[in-house]
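As structure tokens, the structure follows; a few thoughts come after it.
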Amino acid sequence: LAFMVLAHRNSHHRQILRIPASFETRVRLARMMRDINERVGHYLFSLAVIYLAVAVLSTLALWLIGLPNPVMWGVLLGVASFVPFVGPPVVIGLVTLAALLTFEDWPRIVATPAVLVVIHFIESQFVTPAFVSRRCALNTVAVFVGIALLGWMWGAIGAIVAVPLLILISTIAAHIPSLCWLEVLLADDRPVNRRLAAKP
């Protein structure tokens, strides 16, 4: 579904703009879709930067420990980070198995998964919520609660769609005067768009 929506986004954009009858509503809808595209793009770019840093740090850490193929494991952890809750633990488990088969001394066996757990914990609990909320103009608490709630309800799929869904709701609320209170709750400490709120 995501692939088809991206592939046919221009035609869908034109079709949606044909729905409203008034010119003012069409302009507001066009601005809303433009803002959604920009903010979702910022979100995906932020994730790419964060997970690239995770891959680089993991590669360096595993190389210092002496695990074979550190680049492969680092890249695998970076890619797996796109799947919250499930991806990183699976990769860390595979790295632990590789460490058990490779090393004979327990300090390096324990250090191999431990350093990946520390990197993943810092990224998932501190870096990602703060950085994503700043880039997407979302409240850090809203991002954390959204990921936790949808992750609890729908598992990994819910955690993946949580932030794009928050972006969608926040952007729509910013363009609809009666929902400005919702935009205030979800947004970062930006001022409310009074010009939009003043429109009938």
Side-chain angles (χ1 to χ4, degrees), residues 1-9 11-13 15-16 19 29 32-55 58 73-97 113 116-176 178-188 190:
L1 177 60
F3 175 78
M4 288 188 293
V5 169
L6 289 174
H8 301 283
R9 61 185 180 276
S11 60
H12 291 161
H13 185 272
Q15 287 177 327
I16 292 174
I19 296 175
L29 189 59
M32 187 186 307
M33 289 189 290
R34 178 202 62 195
D35 291 346
I36 290 173
N37 287 336
E38 290 179 355
R39 294 178 69 183
V40 171
H42 290 161
Y43 167 66
L44 295 177
F45 177 76
S46 299
L47 289 188
V49 171
I50 292 171
Y51 297 150
L52 177 62
V54 168
S58 301
W73 294 116
V75 171
L76 191 58
L77 182 60
V79 173
S81 297
F82 280 97
V83 184
F85 301 118
V86 177
V90 169
V91 174
I92 293 173
L94 293 175
V95 172
T96 303
L97 180 60
L116 296 185
V117 169
V118 170
I119 292 173
H120 171 62
F121 179 80
I122 294 174
E123 171 268 317
S124 62
Q125 301 300 319
F126 300 103
V127 177
T128 298
F131 193 55
V132 167
S133 65
R134 188 175 297 112
R135 289 284 297 176
C136 302
L138 288 174
N139 190 308
T140 306
V141 176
V143 171
F144 183 81
V145 172
I147 293 175
L149 180 61
L150 292 184
W152 171 71
M153 291 174 61
W154 299 331
I157 300 300
I160 291 173
V161 304
V163 176
L165 186 60
L166 287 175
I167 293 173
L168 178 67
I169 295 172
S170 175
T171 306
I172 292 174
H175 288 270
I176 299 178
S178 60
L179 295 178
C180 277
W181 61 272
L182 183 58
E183 196 268 344
V184 173
L185 292 178
L186 295 179
D188 203 355
R190 302 172 300 148

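The first residue in the sequence is number 1, and the count goes up from there.
The nearest pair of heavy atoms linking Ala142 to Leu166 is O-CD1, 3.3 Å. Taking every heavy atom of both residues into account, Thr171 and Met32 meet most closely at CG2-O, 3.7 Å. Taking each heavy atom of Glu123 and Val54 in turn, the nearest pair found is CG-CG2, 3.7 Å.
Not counting sequence neighbours, the partners of Phe121 by the side chain to side chain contact (heavy atoms under 4.5 Å, CB included) test are Gln125, Phe126. Residues forming a ring-ring contact (aromatic ring centres under 6.0 Å, His included) with Phe144 (at least two apart in sequence, or on another chain): none. Legend: residues meeting side chain to side chain contact (heavy atoms under 4.5 Å, CB included) with Leu44, ordered by chain and number and at least two apart, are Val40. Contacts of Val127 classified as side chain to side chain contact (heavy atoms under 4.5 Å, CB included), with partners at least two apart in sequence or in another chain: Ile50, Ile122. A search for side chain to side chain contact (heavy atoms under 4.5 Å, CB included) contacts involving Ile169 returns Leu165, Leu182, Leu186, not counting sequence neighbours. Among residues two or more places apart in sequence or in another chain, the side chain to side chain donor-acceptor pair (under 3.5 Å) test is passed with Ser58 by none.
Interatomic distance, NE2 of His120 versus CD1 of Ile92, reported as 6.0 Å (0.5 Å rounding). Atom CG of Leu29 is separated from atom CZ of Arg34 by 12.0 Å, given to the nearest 0.5 angstrom.
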Return all side-chain donor-acceptor pairs below 3.5 angstrom for residues 73-89, not counting sequence neighbours, or 'none' if the list is empty.
| residue | atom | partner | partner atom | Å |
| --- | --- | --- | --- | --- |
| Trp73 | NE1 | Pro68 | O | 3.4 |
| Ser81 | OG | Leu77 | O | 2.8 |

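No side-chain heavy atom of Leu150 sits under 4.5 Å from any side-chain heavy atom of Trp152.
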